[in-house]
Amino acid sequence: MTRASLPADRPLFRLGATALVILAGAGCYGDLTSPPNVSWKLAWADEFDGTAGQAPDPANWKFDVGTNWGNNQLEFDTDSARNATLDGAGNLAIVARQQSYQGSSYTSARLTTQGKHEQTLGRFEARIKMPTATGIWPAFWMLGGNCATSPWPKCGEIDIMENFGRNPSRNQGSLHGPGYSGANALNRAFDLPNGELLSDDFHVYRVDWLSDRIVWYVDVQIYQVIKKSYINPDDWVFDHTFYVIMNLAVGGGPPGPPNGTSFPQTMLVDYVRVYSAN
């Protein structure tokens, strides 16, 4: 499908890591009307209450341990309390550190609900205070539960929150699938007003995933809607279970290296809440 044949309200493709050309409130390139009313019920949640130094609840989270998850990231993700622990103030702290470990110069953590909480459709949200620094890449996202048998991008990916460090006021929401992945993912960026930084305070990052569309929010502001009809003739691969991932990467393709960045860098997560339709 050529750009000229896209529906007028379809989000533009990303043209590269730095080509975030649409901002919520700054253009007319999307149907940002509220989706149909849905009654939601809480499916599961983690409020991260507990004592300082306590590990995240293993009933909800497991650790992906390793490095280079496909984006040439520089950190080694561990299951150490130095990289992911409750802070005693009701938050999960994911901490990136500059330290030599397993051949990497940095450590951090990547937590997932794979095999613990996987769901088709629903509301997925987290209240996060993120770091914003050169080469730091916090993310709250979802991956298809069938990724072992349908490798990415066929399994689908929903990015709820991403920040590439170089734009400290900007969150990006993206959708990846066959024919619209990587540099050609469907996405839109949302900038906080008046020069506010994402690191200044907590914000709620959310998607409402319905059978015919996915809707992205920062706090209560809708900034992107991608409908199933926009994907045609490519495949809509968002009709099976997905699981949640939270991670704090260092370096990699989109953010670049952390030149001049001080460490540690911390991503604070107040809660993760997942709802299903009532």
Side-chain angles (χ1 to χ4, degrees), residues 1-24 27-33 35 64 68-73 110 112 114 118-124 137 139-164 170-190 205-217 222-245 247 249 252-255:
M1 178 181 287
T2 65
R3 177 70 56 77
S5 66
L6 297 179
D9 63 348
R10 177 173 174 170
L12 295 182
F13 285 102
R14 183 170 67 194
L15 304 179
T18 60
L20 303 174
V21 294
I22 306 178
L23 305 179
C28 300
Y29 296 96
D31 175 4
L32 300 183
T33 57
D64 280 343
N68 190 6
W69 304 103
N71 293 291
N72 297 313
Q73 295 153 227
R110 171 173 159 136
T112 93
Q114 185 180 23
E118 301 188 13
Q119 183 172 310
T120 306
L121 309 180
R123 171 173 289 177
F124 298 77
W137 185 4
F140 169 53
W141 54 294
M142 298 160 60
L143 193 63
N146 63 342
C147 58
T149 56
S150 295
W152 188 90
K154 291 182 180 179
C155 62
E157 175 181 331
I158 304 170
D159 298 328
I160 305 170
M161 178 279 285
E162 282 188 293
N163 175 267
F164 298 139
R170 178 171 292 179
N171 176 65
Q172 178 175 297
S174 304
L175 199 66
H176 301 255
Y180 48 100
S181 64
N184 289 320
L186 295 171
N187 61 49
R188 175 169 281 187
F190 176 88
Y205 302 92
R206 163 183 149 201
V207 293
D208 288 355
W209 170 23
L210 308 176
S211 61
D212 67 338
R213 73 192 70 189
I214 301 173
V215 184
W216 280 257
Y217 296 77
I222 296 175
Y223 70 96
Q224 174 167 239
V225 179
I226 298 180
K227 296 180 180 178
K228 185 175 182 179
S229 58
Y230 296 166
I231 303 300
N232 186 53
D234 295 322
D235 291 333
W236 177 264
V237 290
F238 305 97
D239 52 6
H240 54 261
T241 62
F242 276 62
Y243 59 90
V244 170
I245 304 174
N247 65 289

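Keep in mind that this is a model prediction, so the values were computed, not measured.
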Beyond-backbone contact of L186 with I231, side-chain heavy atoms, under 4.5 angstrom:
yes
Heavy-atom side-chain contact between Q114 and C147 under 4.5 Å
yes
Less than 4.5 Å apart, any side-chain heavy atom of D208 and any of W216?
no
Which pair of heavy atoms, one from I222 and one from V215, lies closest together, and at what distance?
CG2-CG1, 3.8 Å
Ring centre gap for F242 and W209 strictly below 6.0 Å:
yes
To the nearest 0.5 Å, atom NZ of K227 lies from atom CG of L210 at 11.0 Å
Where do D234 and G179 come nearest, in terms of heavy atoms and distance?
OD2-O, 3.9 Å
With the side chain counted from C-beta on, respond yes when I158 and I214 share a heavy-atom pair under 4.5 Å apart, and no when they do not.
yes
Would R206 pass as a cation-pi partner of Y217, given that its NZ or CZ must be under 6.0 Å from the six-membered ring centre and within 45 degrees of the axis?
yes
S211 and L121 have their tightest heavy-atom pair at N-CD2, 3.8 Å
Within-4.5 Å side-chain heavy-atom neighbours: R188 and V225
no
Under 3.5 Å, is there a donor on one side chain and an acceptor on the other for W69 and N247?
no
Which atoms form the tightest heavy-atom contact between C155 and S150, and what is the distance?
CB-O, 3.1 Å
d(H240 NE2, N146 CG) to nearest 0.5 Å is 4.0 Å
Minimal non-hydrogen separation, G182 against H176, with atom names
N-ND1, 3.1 Å
Taking C-beta and beyond as the side chain, do I245 and L143 meet within less than 4.5 Å on heavy atoms?
yes
Heavy atoms, side chains only, cut-off 4.5 Å: are M142 and Y243 in contact?
no
Run the numbers on N171 and M161 for side chain to side chain contact (heavy atoms under 4.5 Å, CB included), then give the verdict.
CA-CA 6 Å; N171 176 65; M161 178 279 285; 3.1 Å; yes
Okay, side chain of N163, backbone of R170: is any donor-acceptor separation there less than 3.5 Å?
yes
Quick one: do the W141 and E162 side chains pair a donor with an acceptor below 3.5 Å?
no
What pairs with W236 under ring pair (Phe, Tyr, Trp, His ring centres under 6.0 Å), at least two apart in sequence or on another chain?
F238
Sidechain-backbone polar pair: Q224 side chain, G173 backbone, donor-acceptor under 3.5 Å:
yes
Heavy-atom side-chain proximity of V237 to P178 below 4.5 angstrom
yes
Nearest heavy atoms of P255 and W137, plus distance in Å
CD-CE3, 3.5 Å
